[in-house]
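Within every chain, numbering begins at 1; the chains are lettered A, B, ... in the order of the sequence lines, protein sequences first and strands thereafter.
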Amino acid sequence: MSYPFAEIEKKWQQYWEQNQTFATGEDFSKPKYYVLDMFPYPSGAGLHVGHPEGYTATDIIARKRRMQGFNVLHPMGWDAFGLPAERYAMQTGIHPSITTKQNIDNFRRQLKSLGFSYDWSREVDTTSPDYYKFTQWIFLKLFNSFYDTAQKKARPISELTIPAELQGEAKKKERENFIAGHRLAYIANMPVNWCAELGTVLANEEVDEWVGKGYKVERKPMRQWMLRITAYAERLLTDLEHVDWPAGTLELQKNWIGQSTGALIRFDIVGATPPQYQIEVFTTRPDTLYGVTFMVLAPEHPLVDKIAAESAKAEIETYRKTTALKTDLDRQLDAAKKEKTGVAIGAHAIHPLTGEKIPLYIADYVLMGYGTGAIMAVPAHDERDYAFAQQFGIEIRQVVQPRESAAELPVTEDGVAINSPIFEGLKTSEAKAKIIAHLEKEKLGERRIQYKLRDWLFSRQRYWGEPVPVSFDEDGAMVAEEESALPLLLPESKTFQPAGTGESPLANLPEWVNHEKNGRKLRRETNTMPQWAGSSWYYLRFADTTNKERFASPEKEKYWLNGGVDLYVGGAEHAVLHLLYARFWHKVLYDLGYVTSVEPFKKLVHQGIILGEDGSKMSKSRGNVVNPDTVVAEYGADTFRLYEMFMGPLEQMKPWQSKSIEGIYRFLGRVYRLYFGNTNSEENAPAKPTLNAKLLAPPADEKAVLKVLHQTIKKVGDDIETLSLNTAISQMMIFVNEAYRVESIGKEAATAFIKLLAPFAPHMAEEIWQALGEKGSIALAAWPQFNADYLVESSFEAVIQINGKIRGRTELAMGISDADFESAARGVDAVKAALEGKTVRKVIVVKNKMINFVV
RNA sequence: GCCGAAGUGGUGAAAUGGUAGACACGCCGCACUCAAAAUGCGGUGGGGGCAACCCCAUGUCGGUUCAAGUCCGACCUUCGGUACCA
């Protein structure tokens, strides 16, 4: 053993716990720093080495901020609802709350063994009723709010303007439907992935897995809770300007929201006896309107049944059935093959400009969930429409002339409008503007901004989730739980199998489902919330975890969330959903006056994945998983922390290398022996190691020591700010190498250096701090100040280049004038020789660095 | 297909447009040791030369510049995300 880490680490972990070293400061006159990790799902497998990578980085910055005098909020919690615990319960009959608790205990033990400076008194658990009380409370806020499109914000549903024609007792039902249609939480029939054999709905991500096992999954409309995130599409997009996030993540969010500008155009249906039906389409290319030769509706488009010819109805039904059975994978394959299927429905629309009859089709390449679920097809200028037209023998009419006139159809790029009377000869961008103006004038359509973002499917047919606090009376009217009655507890249960009807296991508990309120017989909602719910607001709870009345007191919210979470670190796999959902909830709470910052997470960083030693992803089946417990037992927590930070840039994917851990372990041993002298073997080690007096003696060259010390103070301090922790560690190694070389560095430098090491290797730092005779914990000592004066040098090694190639070097005084620099350079023998007989055309001097002769 | 990130020694990696390879791992050597481990010290991109030194080298090909790993253009490869979004 290179140094007694086990003993040291245990000692200081106990010390921190007993002394509450990391209790969050509550003196609100001090500046705050809120640094947050994405909280883990406490799985049965325990922590793997990927978790502590981000946790160590945040711990280092949290520890530095504390030493800099900030109030630091650095908490940890558990995203503990979720499928694995429920699956396990279905197999074993053991209640998910029991396994969840065991897993949490294990995670907590592992995290504590790594010496993270969390304030453990602020732990949150999404499955605790004290916590999900407020998850349900936020749900009620969503349920009881609507989005005011004029003010562009959410408002209480009680402020919704009810149209005059819906007033009065006779219109009660219509009025309720109107209100329900505006709520931010609403019920809809949405196509979901239904597996009859499993008796449950599957998430998109799960479909492939089960289909692979031979199960049949179909798309089926089912009653679901939805959250109206689409109302926030524009703000979720534009507010990205306010955050400091990785460029790639911003791009992913933007793509996910998927804004496109174009036009909404209305086509009348031919020959309809009243009512006069219309098809609305969205297009980003209104300039191709003259090229429309057919139209396509999504197979499940509601208008199809109303306008289809009798003769086509059988074929339509067959087509609908086959598309319903198609999985997302099938659809992707179809798209790749560029083969199109569809059915002519025997009806026609009228072209709004030419009055021509346009045939109508249904085809599954048109999706009900995007735009209006119907398109105007322009085969000459859209690849999909082109493929369809070719297969069905439909006319292809070119209306855009591209720059390269030889280009083959379909031409999807911009060009000049042709065969288009109203805007003949205009460039695409101008043609778009002109046609939209024309459509608006003639009331045939209007400008439209469309988003890809869909509303958030918020219900799951699961037991292990937050109950939705809404009931239904015998007429189906919705009755929300009173806020004062929350939490609506998840009932005890012995079985966790789905009800088989597509309802959640809660439907098997009639005594819970059926209840009475004011003499009204009510049935509870049996679907539960998705796992995303609890994680969409936990960062707010950390500001005030014990508050029973509110998710957080206004004062604490305002203090800790001022400007949002200062630094949020977690995996890139959450770049879209979790971060989008949390931002959405945050904005709703902002609109309703419950939070004060526009965005929840100011700065975001993703740690890279740690691969197995073989360079592939760690997985049980490959047998390349590294367990942090093993590493801690063998090398200690400080080595583990330092190694993970030394591996490479935080954001980068990188393989685990057991050989390199040895190097870090050796470095920490070197630090230990530097301070405590060479204690050599275990037997010889004194019980209480004494300080290495030689190290603390005044240095022979104090200036040199102070120079490398202050270089290190600067480099380590700056690098922690940019989370370049690998190079911070390199600099500390340089300092230690230098200390070994000079043998004496003096007490001041010895003390300052150990403070720099403290955020990285806190246990050893405490041990040395104590040995140095300092009082209290080093975690609360003042961070060293950098002084540039010590870095000032009197001379530098000048590099002399000729035509950009190095031809010599010479020692020169700092601040030398350009002219002196040049003559000194010309005096160097090698340079003299190289310049012999050549004409110097130009001389470039980089002050205090180098000179380049151009010959 | 589209969007994004990245390609530097045997390996992990450093490098405000200004000395490419800091710091480590590994390897080689030396000291300590009967020996080994541990530890300490030194060397280590490739090629040439006794040497001083010289040449080559940051995925490929071009360009800008006195000067390019870094900026610009095209391409290749790898990894992520996404996918009939009208």
Side-chain angles (χ1 to χ4, degrees), chain A residues 1-2 246-252 254-256 258-260 262 281-285 288 295-296 328 331-340 363-367 369-378 381-385 387-388 450-454 572-573 575-576 606 608-609 611 615 643 646-649 651-664 666-667 669-670 673 678-682 724 726-734 736-737 740-741 797-806 809 830 841-847 849-855:
Chain A
M1 192 189 281
S2 170
T249 304
L250 291 175
E251 210 53 37
L252 280 179
K254 282 178 193 162
N255 291 343
W256 191 263
Q259 188 185 60
S260 38
V281 300
F282 170 73
T283 177
T284 55
R285 293 298 301 275
T288 61
M295 297 181 78
V296 185
D328 286 358
R331 296 179 70 104
Q332 282 176 33
L333 290 175
D334 288 354
K337 277 190 301 198
K338 304 208 168 172
E339 262 172 40
K340 296 284 176 280
D364 63 359
Y365 82 89
V366 173
L367 310 172
Y370 181 72
T372 62
I375 61 157
M376 58 175 229
V378 186
H381 304 293
D382 182 280
E383 280 175 23
R384 296 149 301 173
D385 297 347
F388 191 89
Q450 186 67 44
Y451 296 93
K452 259 193 257 186
L453 184 67
R454 316 281 173 88
E573 67 274 18
V576 179
H606 300 301
I609 295 169
L611 303 170
Y643 170 63
F646 189 62
M647 287 171 83
E651 302 84 352
Q652 203 167 98
M653 192 187 293
K654 44 211 176 269
W656 186 267
Q657 291 184 306
S658 1
K659 282 283 184 195
S660 296
I661 306 174
E662 299 267 1
I664 288 291
R666 219 174 285 164
F667 167 67
R670 245 164 105 78
R673 286 187 300 277
N678 199 343
T679 51
N680 231 334
S681 70
E682 264 172 281
S724 311
N726 52 333
T727 49
I729 294 167
S730 297
Q731 183 61 41
M732 289 192 281
M733 288 171 169
I734 290 171
V736 170
N737 290 345
Y740 265 85
R741 199 179 65 79
E797 188 186 39
V799 171
I800 304 154
Q801 294 183 343
I802 293 167
N803 284 346
K805 300 222 177 220
I806 297 155
R809 294 152 208 269
R841 296 208 334 263
K842 200 172 171 186
V843 178
I844 290 119
V845 175
V846 181
K847 204 152 182 63
K849 208 164 238 168
M850 54 161 291
I851 187 164
N852 188 11
F853 293 96
V854 185
V855 298

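- A donor-acceptor contact shorter than 3.5 Å links the side chain of A:N803 to the backbone of A:V855.
- Cation-pi geometry between A:K340 and A:F388 is not met at under 6.0 angstrom from the ring centre and within 45 degrees of the axis.
- Checking B:G18, B:A86, B:A24 against every side-chain atom of A:M850, the shortest atom distance belongs to B:G18.
- Annotation: A:K847, atom NZ; neighbour count of heavy atoms from other residues, nucleotides and ligands within 6.0 Å is above 12.
- In terms of position on RNA chain B, the residue among A:V799 and A:A572 whose nearest nucleotide sits closer to the 5' end is A:V799.
- In this structure, A:Y740 reaches the sugar-phosphate backbone alone: every heavy-atom distance under 4.0 Å involves primed, P, OP1 or OP2 atoms, never a base.
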Write down the protein N/O and nucleotide N/O pairs, taken from nucleotides 56-58 of chain B, whose separation is under 3.5 Å; answer none if there are no such pairs.
from, atom 1, to, atom 2, distance (Å)
B:C56, OP2, A:K805, NZ, 3.4

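- We find the CG-OG1 distance between A:D382 and A:T288 to be 8.5 Å, quoted to the nearest 0.5 Å.
- For the P atoms, the distance from B:G4 to B:G10 is 32 Å, rounded to whole Å.
- Nucleotides B:C34 and B:C28 are separated by 24 Å at their C1' atoms, to the nearest Å.
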Problem set entry | Which nucleotides of RNA chain B pair, in dot-bracket form (Watson-Crick or G-U under 3.5 Å, | meaning another strand) | (((((((..(((.....[....)))((((((.......))))))((((....))))..(((((..]....))))))))))))....
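- Here A:R741 lies out of heavy-atom contact (under 4.0 Å) with every strand.
- Put simply, the side chain of A:R285 does not reach to within 4.5 Å of the side chain of A:V378, judged on heavy atoms.
- Judged by closest nucleotide on RNA chain B, A:K849 is the one of A:K849 and A:T283 placed further toward the 5' end.
- Nucleotides B:A35 and B:C25 have their P atoms positioned 25 Å apart, rounded to a whole Å.
- Between A:I375 and A:Y370 there is no side-chain heavy-atom pair separated by less than 4.5 Å.
- With both ends at atom P, the span from B:G47 to B:G42 equals 25 Å, rounded to whole Å.
- Summarising the geometry of A:G804 relative to A:N852, their closest heavy-atom pair is N-OD1, 3.1 Å, with the distance given to 0.1 Å.
- When heavy atoms are screened at a 4.0 angstrom cut-off, A:G371 is found touching no nucleic acid atom at all.
- With rounding to the nearest 0.5 angstrom, the CE atom of A:M732 is 10.0 Å from the CZ atom of A:F646.
- Nearest nucleotide to the A:E251 side chain, out of B:G12, B:A14, B:G4: B:G4.
- At least one side-chain nitrogen or oxygen of A:S260 sits closer than 4.0 Å to the OP1 or OP2 atom of B:A86.
- Comparing the C1' positions of B:U39 and B:A52 gives an interatomic distance of 37 Å, to the nearest angstrom.
- As a whole-Å value, the separation of A:H606 NE2 from B:G4 P is 16 Å.
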Return the polar atom pairs (N/O with N/O) between nucleotides 82-84 of chain B and the protein under 3.5 Å, or none.
from, atom 1, to, atom 2, distance (Å)
B:C84, O3', A:R384, NH1, 2.5
B:C84, O2', A:Y365, O, 2.8
B:C84, O2, A:K340, NZ, 2.7

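- Atoms CD (A:E651) and P (B:A6) sit 10 Å apart, rounded to a whole Å.
- Remark: the separation of the C1' atoms in B:U16 and B:G48 is 36 Å, to the nearest Å.
- Listed here is the closest heavy atom pair of A:L252 and A:A575: CD1-CB, 3.7 Å.
- Taking the P atoms as reference points, B:G69 lies 12 Å from B:G21, given to the whole Å.
- A heavy-atom distance below 4.5 Å is not found between the side chains of A:E651 and A:P246.
- Distance, A:M376 CE to B:A86 P: 12 Å, rounded to whole Å.
- One atom, OH of A:Y451, and another, P of B:A86, lie 13 Å apart when rounded to the nearest Å.
- Of the candidates B:C3, B:A86, B:G18, B:G18 carries the atom nearest the A:Q801 side chain, counting heavy atoms from C-beta on.
- Within 4.0 Å of A:N255, counting heavy atoms only, lie sugar-phosphate atoms of the nucleic acid but no base atom.
- A:K654 has no side-chain polar atom (N or O) that falls below the 4.0 Å cut-off from OP1 or OP2 of B:G12.
- B:G48: glycosidic angle beyond 90° from 0, hence anti.
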For this session: Assign a letter to each nucleotide of nucleotides 43-54 of chain B from its 5' end: B, base within under 4.0 Å of a protein heavy atom; S, sugar-phosphate only; -, no contact.
Result: ------------
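- With sequence neighbours excluded, the residues satisfying side-chain contact (heavy atoms from CB on, under 4.5 Å) with A:V846 are A:K849, A:M850.
- Rounded to a whole angstrom, the distance from the C1' atom of B:U64 to that of B:C27 is 42 Å.
- Contact detail for A:D385 and A:Y365: the closest heavy-atom pair is OD1-OH, 2.7 Å.
- Between A:Q652 and B:A5 there is no side-chain polar atom (N or O) within less than 4.0 angstrom of OP1 or OP2.
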Protein and nucleotides 25-27 of chain B: nitrogen or oxygen contacts under 3.5 angstrom:
from, atom 1, to, atom 2, distance (Å)
B:C25, OP1, A:R666, NH1, 3.0

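- In this structure, A:M733 atom CE and B:G12 atom P are separated by 17 Å, rounded to whole Å.
- Among all heavy-atom pairs drawn from A:D364 and A:L367, the shortest one is O-CD2, 4.0 Å.
- At B:A38, none of the side-chain N or O atoms of A:R673 fall inside 4.0 Å of OP1 or OP2 (strictly under the cut-off).
- For the pair A:Q450/A:T284, no side-chain contact is recorded, criterion being any heavy-atom separation below 4.5 Å from C-beta on.
- Without hydrogens or angle criteria, A:Y643 side chain to A:Q657 main chain gives a donor-acceptor distance under 3.5 Å.
- The CZ atom of A:R673 sits 10.0 Å away from atom CZ of A:R666, with the distance rounded to the nearest 0.5 Å.
- The interatomic distance linking A:I609 (CD1) with B:A5 (P) rounds to 17 Å, in whole Å.
- No contact: A:P246 has no heavy atom under 4.0 Å from any strand.
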For this session: Any chance you could lay out the side chain to side chain contact (heavy atoms under 4.5 Å, CB included) test for A:M733 and A:I664, step after step, and finish with the verdict?
Result: CA-CA 10 Å; A:M733 288 171 169; A:I664 288 291; 3.8 Å; yes
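- Checking the phosphate oxygens (OP1, OP2) of B:G40, a side-chain nitrogen or oxygen of A:R670 falls inside 4.0 Å.
- Contact check, A:N726 against B:A22: no side-chain N or O comes under 4.0 Å of OP1 or OP2.
- Taking every side-chain heavy atom of A:I844 into account, B:C66 is the closest of B:U19, B:C23, B:C66.
- With rounding to whole Å, A:E797 atom CD is found 17 Å from B:G18 atom P.
- One N or O on the side chain of A:K654 and one on the backbone of A:P649 form a donor-acceptor pair closer than 3.5 Å.
- Counting to the nearest Å, the P atom of B:A68 and the CG atom of A:N803 are 11 Å from each other.
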